[in-house]
There are 4 protein chains.
Amino acid sequence: MSLRERKVAKKKEDILRSASLVISRNGYQNATMEDIAAELLMTKGALYYYFKNKEEILYSCHDLILSAAMEQMEAIYQEELSSMDKMKKAIKTHLDIAIREKEVFNLIVKPEQLFSEDNIEEIIEKRDQYARIFDKIIAEGVKRGEFTVSDKKMARMIILGATNWVQVWYSPEGKFKKEKVEDIYAEYFLKMLA
Amino acid sequence: MSLRERKVAKKKEDILRSASLVISRNGYQNATMEDIAAELLMTKGALYYYFKNKEEILYSCHDLILSAAMEQMEAIYQEELSSMDKMKKAIKTHLDIAIREKEVFNLIVKPEQLFSEDNIEEIIEKRDQYARIFDKIIAEGVKRGEFTVSDKKMARMIILGATNWVQVWYSPEGKFKKEKVEDIYAEYFLKMLA
Amino acid sequence: MSLRERKVAKKKEDILRSASLVISRNGYQNATMEDIAAELLMTKGALYYYFKNKEEILYSCHDLILSAAMEQMEAIYQEELSSMDKMKKAIKTHLDIAIREKEVFNLIVKPEQLFSEDNIEEIIEKRDQYARIFDKIIAEGVKRGEFTVSDKKMARMIILGATNWVQVWYSPEGKFKKEKVEDIYAEYFLKMLA
Amino acid sequence: MSLRERKVAKKKEDILRSASLVISRNGYQNATMEDIAAELLMTKGALYYYFKNKEEILYSCHDLILSAAMEQMEAIYQEELSSMDKMKKAIKTHLDIAIREKEVFNLIVKPEQLFSEDNIEEIIEKRDQYARIFDKIIAEGVKRGEFTVSDKKMARMIILGATNWVQVWYSPEGKFKKEKVEDIYAEYFLKMLA
DNA sequence: GATGAATGAGCATTCATTCAT
DNA sequence: CATGAATGAATGCTCATTCAT
């Protein structure tokens with residue numbers, strides 16, 4: 001990658017970071033191009049040099065985080081661990097991301113209202129891919145006899161639902177430390193899957 | 001209540017129902033005053049006779065549903081049932097509301113972005129009140145020895161998080177019937193609390 | 001038509017008149033909604049109460065004039081006149097419109113660049129309909145032995161082309177009076193068709 | 001002219017050719033500096049090294065074509081031919097240019113909307129110069145007794161108007177071949193002038 | 001000479017809100 | 001009470017133009 005390409009890539013990242021920030025503060029619909037640019041001391045016109053339109057920024061934001069999450073999760077799946085430990089690690093990792101990326105991660109919730117038809121399929125597919133890693137961990141656990149579940153998919157929904165929800169109430173200043181939350185969540189879910 | 005007052009109250013209800021409907025269809029940000037009025041064969045100007053502004057409609061919508069939910073939940077809490085059965089019923093009821101009221105219920109998620117400071121405190125207080133009924137059911141179950149949980153509040157968060165999430169993926173046309181979902185969710189959570 | 005409907009119709013007409021004026025002054029691409037509104041002492045937002053978007057204003061402008069022209073021309077065709085006189089009258093009428101409606105009439109020239117696919121077909125069809133009235137007059141003249149032309153369609157193109165061009169150079173303050181222009185044009189074309 | 005000067009001149013020509021092309025494709029208002037540069041594999045910034053601004057490109061484009069046309073037309077006027085043949089040749093040549101240069105030639109139509117005051121006078125003067133060659137041919141024909149016209153200027157307007165209009169409807173894929181069109185047009189006009 | 005990057009002014013469009021009637 | 005009409009502020013996006021490197 002040439003110097004220039006790296007500069008562009010860096011700038012794009014900056015923009016996505018700024019966008020994430022603004023979205024976190026105001027929500028997607030209230031995040032204006034102006035806001036995103038101002039955060040970077042640019043003018044909104046400049047954003048269009050790097051991204052085609054607002055949706056592309058949003059999409060990239062989302063993609064960036066989800067891709068990274070997927071990578072981590074896939075790595076966990078590949079590790080040589082008991083299913084219990086794998087799930088524990090997966091839950092903790094997911095919680096970690098959901099808390100750190102709060103709003104952007106939250107975009108996953110209603111893609112139909114935020115993305116145009118061009119992107120929506122890919123979005124949903126990626127989301128499903130991510131979810132399927134949890135399915136695989138559960139399936140593995142069941143096969144190994146570590147887990148007993150009446151419906152695997154539903155179990156995954158419960159786990160992901162509950163962990164996604166954490167961003168609604170979690171605050172770094174709150175009574176619970178992040179690590180504590182992760183431990184308890186993992187404990188409960190393992191009990192549920194046992 | 002005079003006849004006129006009753007008429008006004010009726011109209012307000014109509015408006016809230018329409019607002020709920022439109023919000024469910026399009027999401028809050030895409031629900032225009034025009035849409036809400038059109039559904040009732042009124043003009044948007046008339047809405048301002050009954051409500052101060054859009055936020056007040058939203059607030060009332062939210063309040064209406066949450067109040068009703070609270071009432072149901074409180075009734076369940078008062079019933080003479082084992083904690084297991086109480087929780088089962090509570091979960092099913094909550095799921096039922098979350099599915100039926102989808103979008104409006106979803107407003108709970110990020111009140112800071114939707115409500116001005118005037119309303120936000122009250123909103124959060126009410127939400128907490130609702131949640132506290134679950135806390136009470138859990139506490140009761142623990143006292144009676146039916147549940148064993150390391151952290152009551154966290155257990156409640158998990159339950160509510162997972163059940164709120166259901167609206168993200170549930171569709172009446174989908175593979176799972178509502179009753180089936182309710183059963184499985186209840187089963188998993190009871191296992192978790194046991 | 002109720003009072004209100006008439007009021008709306010009147011306002012729409014006003015807007016179209018204003019749009020015509022502004023388009024005449026600045027050309028279509030340089031005619032902003034702001035300009036059109038300002039001319040009527042309205043704000044641009046109000047225009048959207050009457051028309052869906054800028055293109056619809058443009059389209060209506062165009063349609064209004066072309067429809068009126070078509071009516072006049074059809075009437076001329078129906079009159080009991082020699083083909084010579086009919087053509088003379090048609091040419092004069094067309095010149096009259098082309099001069100009076102200058103810019104708006106000029107929109108006919110490149111519809112592909114100005115109209116979206118939704119309207120373009122109808123636009124072109126209407127333009128062709130109008131042209132076909134000239135074809136009929138020529139054909140009639142040929143049948144009656146008043147005209148001799150090697151190619152009817154080409155003759156019509158020449159006549160319409162030349163008369164449309166008149167708006168490029170004609171000015172009320174110029175050396176030639178409108179009536180004089182009309183007479184000379186008619187004379188030349190009749191000689192051409194004879 | 002030094003080597004460097006020649007290089008610059010060459011580049012300017014390239015730019016004008018590209019501009020013509022892009023304008024022909026999209027129309028002037030939709031021809032962006034970006035488009036013009038892209039065609040030459042340059043960046044739009046570079047265009048400003050050769051031309052002060054977009055208008056100057058447009059102006060030069062227009063000037064280039066009109067100058068070439070004038071040269072051809074002047075040559076025709078100088079030829080030793082009957083007025084009939086001269087006019088025939090002139091019409092064919094004009095049609096040829098109008099068809100080939102379509103959009104750029106079309107700029108002539110409303111110079112006031114496209115050019116600033118600095119250029120407009122010169123534009124109009126050049127356009128008139130071009131037209132005057134037709135006047136001279138007609139005048140010559142009248143003097144020689146080949147043509148009989150009641151008003152020379154008006155005859156020229158009709159001829160130029162009709163031939164300019166040809167670009168509105170002519171298409172290489174259409175039913176009429178270019179040569180056929182030229183022949184018929186010449187025939188009609190000569191009949192008109194006879 | 002040329003490029004990448006940025007600017008800033010402008011425009012169509014949307015929509016909550018207001019208010020005379 | 002309700003409506004029709006209008007407002008105005010906001011927003012995404014485009015593009016000619018500039019300029020440091």
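Scope of the values below: all heavy atoms of this structure, side chains included, with no hydrogens, waters or symmetry mates. Source: prediction; values computed, not measured.
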Subject >> Sole candidate of B:Gln29, B:Glu55, B:His62 that passes side chain to side chain contact (heavy atoms under 4.5 Å, CB included) when paired with B:Leu114 >> reply: B:Gln29
Subject >> Ion pair B:Arg17/B:Glu13, N-O distance below 4.0 Å >> reply: yes
Original post:
Checking B:Glu122 side chain against B:Asn119 main chain: does a donor-acceptor pair fall under 3.5 Å?
Top reply: no
**OP:** Whole angstrom is fine here: how far is it from CE in D:Met42 over to C1' in E:dA5?
**Re:** 18 Å
Original post:
Under a 3.5 Å cut-off on both pairing distances, which runs of 3 or more consecutive Watson-Crick or G-U pairs involve DNA chain E?
Top reply: E:2-21 with F:2-21
Subject >> Taking every non-hydrogen atom, the tightest pair across A:Ser67 and A:Lys126 >> reply: OG-NZ, 3.4 Å
Original post:
Taking CG from D:Asn26 and C1' from F:dC15, how many angstroms apart are they, rounded to a whole number?
Top reply: 14 Å
Original post:
Is any side-chain N of the basic residue among D:Asp14 and D:Lys11 closer than 4.0 Å to the acidic one's carboxylate O?
Top reply: no
**OP:** Look at all strands and tell whether D:Val8 reaches a base, only sugar-phosphate, or nothing, counting heavy atoms closer than 4.0 Å.
**Re:** sugar-phosphate
Original post:
Any idea which heavy atoms bring C:Phe115 and C:Ile120 closest together, and the distance?
Top reply: O-CD1, 4.1 Å
Original post:
Nearest nucleotide by nearest heavy atom, which residue falls closer to the 5' end of DNA chain F, B:Tyr49 or C:Tyr49?
Top reply: B:Tyr49
Original post:
How long is the line joining NZ of A:Lys11 and P of E:dA5, in whole Å?
Top reply: 9 Å
Subject >> Touch class at under 4.0 angstrom, heavy-atom based, for C:Phe51 against every strand present >> reply: nothing
**OP:** Would you kindly check if the NZ (Lys) or CZ (Arg) of B:Lys52 is within the cone defined by 45 degrees around the ring axis of B:Tyr59 and under 6.0 Å from the six-membered ring centre?
**Re:** no
Original post:
Are the side chain of C:Lys44 and the backbone N or O of C:Thr32 linked by a donor-acceptor pair below 3.5 Å?
Top reply: no
Original post:
Using a cut-off of less than 4.0 Å, is there contact between a side-chain N or O of D:Lys7 and OP1 or OP2 of E:dG1?
Top reply: no
Original post:
Starting at CG of A:Asp14 and ending at P of E:dA6, how long is that distance when rounded to a whole Å?
Top reply: 10 Å
Original post:
Between atom OH in D:Tyr28 and atom P in F:dC15, what is the gap in whole Å?
Top reply: 13 Å
**OP:** Would you mind reading off the distance between A:Leu40 atom CG and E:dA6 atom P, rounded to a whole angstrom?
**Re:** 10 Å
**OP:** Could you state the atom-to-atom distance from CG of B:Leu47 to C1' of F:dC1 in whole Å?
**Re:** 13 Å
Original post:
Rounded to the nearest Å, what distance is computed from the CG atom of residue D:Asp35 to the P atom of nucleotide F:dC15?
Top reply: 8 Å
**OP:** At under 4.0 Å between heavy atoms, which parts of nucleotides 13-21 of chain E does protein reach? Answer with one letter per nucleotide, 5' to 3': B base, S sugar-phosphate only, - none.
**Re:** BBSBBB---
Subject >> For the student: nearest non-hydrogen atoms of D:Ser2 and D:Glu5, plus distance >> reply: N-OE1, 2.9 Å
